[in-house]
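In what follows, chains are A, B, ... by sequence order, proteins preceding strands, each numbered from 1.
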Amino acid sequence: MRQRPLPPEVRRQRFLMTVANHSMAIVLAVVFVTPFIFILATAVMTRQQALTGSFWPHPFVWGNFIKVFHFVPFARYAWNTVVYSVLATVGTVVSSIPVAYALSRMSWRGRQVAFLLVLATLALPSQVTIVPLYIIFVRIHWIGTLKPLILPTFFGDAFTIFLLRQFFMTIPEELSEAARVDGASEFQILTRVIVPLAKPAIMAVALFQFLYSWNDFFGPLVFANTHTWTLAVGLAEFSQVIHRSVLWNIQMAASVLFMLPIIILFFMAQRAFMEGVTLTGIKG
Amino acid sequence: MARIALEGVTKVFGHEVIAVNDVSIEIGDGEFMVLVGPSGCGKSTILRLLSGLDEVTDGEIWIGDKQVTDLPAKERDLAMIFQNYAIYPHMTVAQNIGFGLKLRRTKKTTIQERVLEVAQMLGLQEMLDRKPATLSGGQRQRVAIGRAIVRDPVAFLMDEPLSNLDAKLRVQMRAELARIHARLSRTTVYVTHDQVEAMTLGDRVAVLKDGVLQQLASPQEVFRQPANLFVAAFIGSPPMNLVEAKVGDGDISFADYRLPLPSGTDLSEYRNRSVILGIRPSDLEDADVWTGENRPVIEANVEIVEDLGTEMNVIFSINAPPVVTEQTQAAEEDASTETGIPLIASEGTNTFTARVDPRCRARSGSRVRLSVDPDRFHFFDPETSTAVLSKHPAGLAS
Amino acid sequence: MARIALEGVTKVFGHEVIAVNDVSIEIGDGEFMVLVGPSGCGKSTILRLLSGLDEVTDGEIWIGDKQVTDLPAKERDLAMIFQNYAIYPHMTVAQNIGFGLKLRRTKKTTIQERVLEVAQMLGLQEMLDRKPATLSGGQRQRVAIGRAIVRDPVAFLMDEPLSNLDAKLRVQMRAELARIHARLSRTTVYVTHDQVEAMTLGDRVAVLKDGVLQQLASPQEVFRQPANLFVAAFIGSPPMNLVEAKVGDGDISFADYRLPLPSGTDLSEYRNRSVILGIRPSDLEDADVWTGENRPVIEANVEIVEDLGTEMNVIFSINAPPVVTEQTQAAEEDASTETGIPLIASEGTNTFTARVDPRCRARSGSRVRLSVDPDRFHFFDPETSTAVLSKHPAGLAS
Amino acid sequence: GNQTNTPKNVTKSGPHTPVTLTVWDYFTERELKNLADVIHQFNKQYPWIHVDLVPGKSLSDYVRGITSGQPIDVAIDVGPDNVAKYCATGAFQDLGPFIKSSGLDMASIFPPAALKYTSYKGTQCSLPLLTDAYGLYYNKDMFAAAHINGPPKTLSEFTADAKKLTQFNPDGSIKVAGFVPLAGFYENANLYNGLPWGTTWYSSDGKAAFASDPMWAQMMEWSKSQLALFHGYDNLTRFFSKIGGANSEWSSAQAFEKGEVAMAFDGEWRTAFIRDDKAKINYGTAPFPTADNQTQLYGSGQVGGTVIGIPRTATHPNEAWALVKFLTTNTKAVETLAELLNNVPTTYGSLKDAKLSNDPHFKTFLSIFRNPNSRFYPLTTAGTAAADALAAFVDNWQAGSVPDLQQGLKKLTDQVNQQLQLGG
Amino acid sequence: MRSKRRGRNTLRLVVLLFMAPWIIGFLGFILYPMLSSLYFSFTKFNLLQTPQWVGFFNYRFMFAHDPNFWLAVRNTLWIIVFGIPIQIMFAIVAAVVLTRVRSGSGGYRTLFFLPTMVPTVAAALGFLFLLDPSGPIDTILRLVHLPQPLWFESAHWSKPSLVGLGLWGVGDTMIIFLAALLDVPKQLYEAADIEGAGWWQKFRYITLPMISPVIFFSVIIGVIEGFQYFTEAFVVSGGDLSLGAPQGSLLFYTTWLYQQGFQYTNMGYASALAWLLFVVVMVCTVILIKTSNRWVFYQGGFR
Ligand SMILES: Nc1ncnc2c1ncn2[C@@H]1O[C@H](COP(=O)(O)OP(=O)(O)OP(=O)(O)O)[C@@H](O)[C@H]1O
Ligand SMILES: Nc1ncnc2c1ncn2[C@@H]1O[C@H](COP(=O)(O)OP(=O)(O)OP(=O)(O)O)[C@@H](O)[C@H]1O
Ligand SMILES: [Mg+2]
Ligand SMILES: [Mg+2]
């Protein structure tokens, strides 16, 4: 179909608008991406280059990534991080699903109160509980292990419960009722109807928990020790050490190695991430 | 297959909301019972009480010879069809239909057979492997029906199953439901607030208001002999014209009109008092088109004419206040939120509607002569709002 | 106040979807024009083109004496009412109504005055400070109307403004819109796919299909002289009964019936060929009830009877294939997703509906005798689907 | 509670069941290797004692490790800050019985300062393992150019020299600083622990003396007057940032090494850095000058370093003692470690180490360590809290955010007293 | 009315079963620790010895004798008062830009969001390098003859630098805003278009009110997280040994809490700090929620 020619002033105005929008976007993109470029570039520089604020590596010192393993027990920290993240994710998801279900899809007295408590714990600074928990874990000799970090995740996480509940609420009540009339028990409704339908939300909360554990700093800082440090604490402490010798290149290489799995995960599950983040926003 | 009975069933939500108030209904084996009433009158609640999704506050529920009042939903062996279909979006059509059987640990092959059988009956065999998202509204409703049928339950409960469909499809599916019922003749309780569905599908109709049963009768009876003002105002579209009239000596007068009393009705009790007179719009006819019969005629100034092609609504004001009782309001508002919207024209004056032959020449602003049939008058007590029964029922006299 | 004109307007979405195809409509000053047609026929698109929300691909739009084709929406000074009201949920009723004035930097006191005035006209004065969430559907629609009225725009555009309301309210609001139009007599373009609205509200009706204008005429003419098979099948509920019939010598035959040709129609062109015969359900009457007139009678086996109280639908099969053309399908499906659902009964046979007097004694399975009025027959060319015009229009002959 | 079993000397001869000692230390990288080398020497004497080195422990790790009951046989802690806490609470075992059973005479082995900062209220719960000593680094070429003969001995001389040595750019910014008095500059925090002023941290009743000892105020005033030499705090800060900020301390961009600063307060390890960085400066080292009314202190300096102890959670305290004794008192071992780590050795015997004492730059620090007036700041059970508070105060004072000095010192006193109560 | 019966009891059992993880977790990991930390806050407790009751000593010390407490409070409030609004505004701008770019918005969105994925510690280390006086940013500034601030080493610039670090990772907030923006019914804009609104008027009168719940949500989360600000400050200050550097400008509330609790092992005082934090966070949250209905538009009521 032939397009009616637009009046030139309308066309020009539109063109300018598009240019303006894209310029804004590009400026922002540069702001967001530049740090990555510097970090990546520095990770493959020589020490001297990194120290003198060079912009481009010459030569490329890929060996920095190997060197990281000499300076820090990177492999051990990475393993600790993976153990913590995976177990915490499993624990959180498995324990939070039934709680979210009970809070959203079953009616019982006290439900509202319980939900308010869950919400309140969202605002509870972890510092309030960490001292006594620390003392408990001291008593049972768990300090220096990852157990104090992993065990609590098997008892439900407020944020996860909240998100799942919000999502479960959006699943029409009729579906559970249809299943109930069809002869399903509560457990069957949960596993056969709700969980399959909530897959995207479950994926999202799993990713969140994984990310949270991967990034967690305060927890391992307090509970773990040099053997059981995760990458987050390991690298932060490592940075103090190499600060003395100002090995920016090694430090950036370590940071790159640290963030890489997460970035890869992000690209693999970008949709779930975005949807999950959105989920946190809805219904405030 | 079984009869279903509610005995003095009451349901209170929280401490205040009496959703269902001492309702007793007995539904015969194989009967198609329609529950109808304005929004919030407790129709869905009754269905949910029957299904076991909610628990009665008081009263008893019987299915067949069993008292099931305390039985959880999964043990009642009923099937329910929901307004928004409630089919499982993550399952294929076949899985949806077979879900109930699977929960009962039926053999795989049996499930397959039954599902196929039902699908053929509903014309779904082509789409057994599709997910609901790819189905149209009508097809989804069919899946929901299939899911109900497949289990061969003792009864079907349907909660406004057609209200999410568009008008044309609704008419089609309505006919189809009638056919399915004819074929399976399973006890069915059907909730709607669409009168046409109520009138066309039900063996009997239960009209509810505020959780109280108003009338339980055949559709024809409900239409022709409404038990009270509420039923009269609720059933029929356009709604019955109502006016407060003075009963005289063998005649009755309202506004500027004086009309003879119908032969069979004894209104002696109301002589020189008021009674509420109801005339269905379809019982008013353009006297110029229907010249054949010798009926009383009233004249009116036409306000609006709505020409619907096959018939015509002639709307006119009469010089009398509108009948506003709690019952007529309940019937008009339909949604509890719609309180007190003063319509421009209806403030203070009473509007009548006549549904006449499209050949009627009336136009907005012109005058029209309308013939009325006193034999089809309805009378209601202004205090109690209940119908004043004529000796031989109006409408049956043709 | 102004006339509105579309001249050869075409709208193409992307490269493929021709939503509006070379449509020319001229709407007179103060006229109430209704656009009607099945879903997806381009009604909303036309409205959006008029309002300036979308841009035409080809053609011109005039408002008053001004060519506005390239003017942005905010400069066209029109008011639009959307199907879902599109009132600002975060503003109070008063703010909603006054928003357009505020944008024009009208004085605060003037805004207040105007808002109050409009609110009184619409019965909203009690709820000026409430947020839309606390309003009922009808009240929301009123707010949307108020927002449109307050600015005193040159014309109103309304896109299915009543379709989100429930049945009772829809009837009320329909009357109210008619009154408002009568009072303001502002040019109005009204989109609907509800025939009743189209028939009752429009000064003229434009029937659209697939973006192409099918007929542009008064509601009566559209109903009584449908320009083609599509209009015939689309307008009227239940829809017109259609059957392919053989034209004989002064008579016409289909299935087992042979009926006389109407006097005024010249079908000589079609002698010994087929023609499509259309009979509206309301033009079939129970011969036993209407004994008075001397019309031809057909006999049929009743399949289903739907008693609606004021009338009765008698559905029966006739021994002839259904008329399935692209046009009838378009009219029937209405929603493009509803393709090819085989209804249990309608496979291969043609079903007729007769809308008869409720005194009809027909019951499912019984036989019925129906009188027909050949003067009201409609004929369509089987190839072109266009109407074969009778010399004096059917239906006007009373 | 305290372990009360009587110590038993571990003999080198005879049959022994193999024992593994868990040793926590703060070392990393090269230094860790050096420690391992020395422990290898130990293993030659005690072949059945296997030492498991757990490196990279921070100050706070030890408390956590001990409170959580981890089996730590030997703890090598980075500084003396927590020693008071360890001794007072029994977190580290009292070494007295071990020392007695081994027949060691502490006073003849360790200089007094070292014994002081490894014990608390008479309980020797740790022993020193190498130390740092702080003194004055000065650029001889610049001194010559400014016609200054030798390192200053009093602060007024120092101030005069600093003034002479400072050069400004035409725009008023500093080109070369005679001295950078900022509290945040490199090691200056240790300077402002107040030794050159002979400050008293705590009066005899154990209460903080920041307000009551006038030397503190004098120190503060002095530091403020120094700022004036350089046209103020901001000018100096800008200079500091221009020369690379705090991070430059550990690189070849270090201001003294690059000749951007003529005099600096620094530790003994700087000599090794200068050597390793091949910095092209002609410099000398000397004790830091003292306040004019405290000349008797000249020659002393702040000292303090690694401490080693046996936590109460030790599973093999006797073997642990053998290791501690070896590391802290074996002259050869101490010498080796000191040479490798470029730190000051901690026993009289090792202080005579030829290699270290032949280095003229390093010699200064050996003598500072030996000086009876040298000291670490007084230990309390509050750990670093008091020193942290003081450092923050000096920083604020210099930045001009303390309006009234006496008032400020009173507040500081109060804060420290309370903090002592909190941690006591 | 009828008596309770069988169905109810099995349902209760199921509820209890489903809720069990959370109930145990709540009792064991939240309620008990909270109560015992309340107790500890009235004791002197260094882990090495048993707690010793000191009454209100910790609280008195906090308010009357601990300048670092007030410093930490000031720094923390600074981050909350300046950092959060700036972050939210930036997130809204970025989200609006995304909605306005038609082609390639997916790509931009990924780029804007990517930094959010970077672990906090890695991001902080990265910025530590970027903003080092000899790092790339100052190098560029030097090249273009602009002043080169000391960023994390200057008491004036350290907190703004942290805000910059926060802005870099604003992607998740941005995505929430993006979703909210896209969630505003298009018809509202069209209605406004027809009524004659320009783009700013549409933004001001429609967009902002419509996304106000999300703004509110971000503010609440921001405040709660702001009070617990820790990791970034810990890393850029240079870790354990130099908490709060430079010149205490990065001494945040939780930094001080950490230092008191886990470095000085003053567990009693740390507990007192934690409890005050808890009370303040709760009070702020409640105040925010209470005042929110003045400016937040809730579509369907709050929860
Ligand atoms: N779970 C509930 N809690 C409290 N009140 C309820 C609940 N369910 C229904 N109600 C109330 O009970 C009354 C009857 O509701 P019900 O859903 O049965 O009406 P309905 O006739 O089905 O209406 P509709 O035609 O709108 O579906 C209403 O007043 C409703 O507000
Ligand atoms: N923005 C768009 N992009 C692409 N196609 C569109 C767009 N808007 C409408 N269409 C297409 O144009 C045709 C006409 O759509 P339009 O909305 O005008 O129909 P309608 O008559 O208003 O239907 P309905 O009764 O469902 O509202 C449809 O085929 C529709 O899919
Ligand atoms: Mg209902
Ligand atoms: Mg439309």
Side-chain angles (χ1 to χ4, degrees), chain A residues 93 97-98 100-116 164-206 269 271-272 275-276 279 282, chain B residues 13-14 44 47-55 71-92 95-106 131-133 140 143-161 164:
Chain A
V93 170
I97 286 176
Y101 181 83
L103 285 178
S104 59
R105 315 285 300 190
M106 300 175 79
S107 58
W108 40 283
R109 226 160 10 111
R111 186 176 94 165
Q112 214 48 35
V113 177
F115 180 61
L116 278 178
L164 287 178
R165 173 195 178 264
Q166 296 300 89
F167 191 87
F168 288 176
M169 298 277 270
T170 67
I171 298 175
E173 188 68 37
E174 280 85 353
L175 290 184
S176 327
E177 294 186 336
R180 215 162 279 157
V181 176
D182 268 349
S185 65
E186 292 299 322
F187 186 74
Q188 282 171 320
I189 295 172
L190 175 59
T191 54
R192 303 261 174 107
V193 179
I194 302 297
V195 167
L197 285 175
K199 236 187 239 155
I202 293 173
M203 271 288 286
V205 295
R271 269 183 67 102
E275 276 168 18
L279 196 63
I282 49 168
Chain B
F13 285 110
S44 300
L47 223 55
R48 296 171 58 83
L49 295 175
L50 282 176
S51 69
L53 289 173
D54 280 342
E55 289 176 355
L71 230 50
K74 52 183 248 185
E75 286 166 37
R76 294 199 189 182
D77 194 21
L78 300 168
M80 189 150 167
I81 295 174
F82 296 83
Q83 176 172 349
N84 47 11
Y85 327 137
I87 48 180
Y88 312 117
H90 59 291
M91 300 183 193
T92 62
Q95 288 169 333
N96 258 290
I97 296 178
F99 186 61
L101 298 177
K102 190 170 161 189
L103 288 174
R104 281 174 178 66
R105 302 189 196 291
T106 315
K131 287 272 173 75
R140 284 179 211 192
V143 174
I145 295 170
R147 197 172 60 182
I149 294 176
V150 79
R151 275 177 29 223
D152 206 8
V154 296
F156 294 123
L157 310 177
M158 309 192 188
D159 194 350
E160 313 203 18
N164 275 11

*With a 4.5 angstrom heavy-atom cut-off, which part of S176(A) approaches chain B: side chain, backbone, both or neither?*
neither
*Shortest non-hydrogen contact from K74(B) to S185(A)?*
NZ-CB, 3.6 Å
*Go through the atoms of R104(B) and report whether side chain, backbone, both or neither lie under 4.5 Å from a heavy atom of chain A.*
side chain
*CE of M80(B) to CZ of R180(A): how many Å apart, nearest 0.5 Å?*
11.5 Å
*Nearest atoms (heavy-atom pairs only) where I87(B) meets L175(A)*: O-CD2, 3.2 Å
_Heavy atoms of other groups near M106(A) CE, more than 12 under 6.0 Å_ = yes
*Answer yes or no: are there more than 12 heavy-atom neighbours, outside F13(B) itself, under 6.0 Å from its atom CZ?*
yes
*Are the side chain of H90(B) and the backbone N or O of R192(A) linked by a donor-acceptor pair below 3.5 Å?*
yes
*Atom pair CG/CG of D77(B) and D182(A) - distance to nearest 0.5 Å*: 10.5 Å
*If you count heavy-atom pairs under 4.5 Å with chain A, which of I81(B), L103(B), L78(B) comes out on top?*
L103(B)
*Go through the atoms of N84(B) and report whether side chain, backbone, both or neither lie under 4.5 Å from a heavy atom of chain A.*
side chain
*Examine whether an atom of F82(B) lies under 4.5 Å from a heavy atom of chain A, and if so say whether it belongs to the side chain, the backbone or both; otherwise answer neither.*
side chain
*Partner chain A: residue of P89(B), A79(B), S51(B) with the largest heavy-atom pair count (under 4.5 Å)*: P89(B)
*Please report the closest heavy-atom contact between A86(B) and A178(A), naming both atoms and the distance.*
O-CB, 3.9 Å
*Under a 4.5 Å heavy-atom cut-off, does chain B meet the side chain of E177(A), its backbone, both or neither?*
both
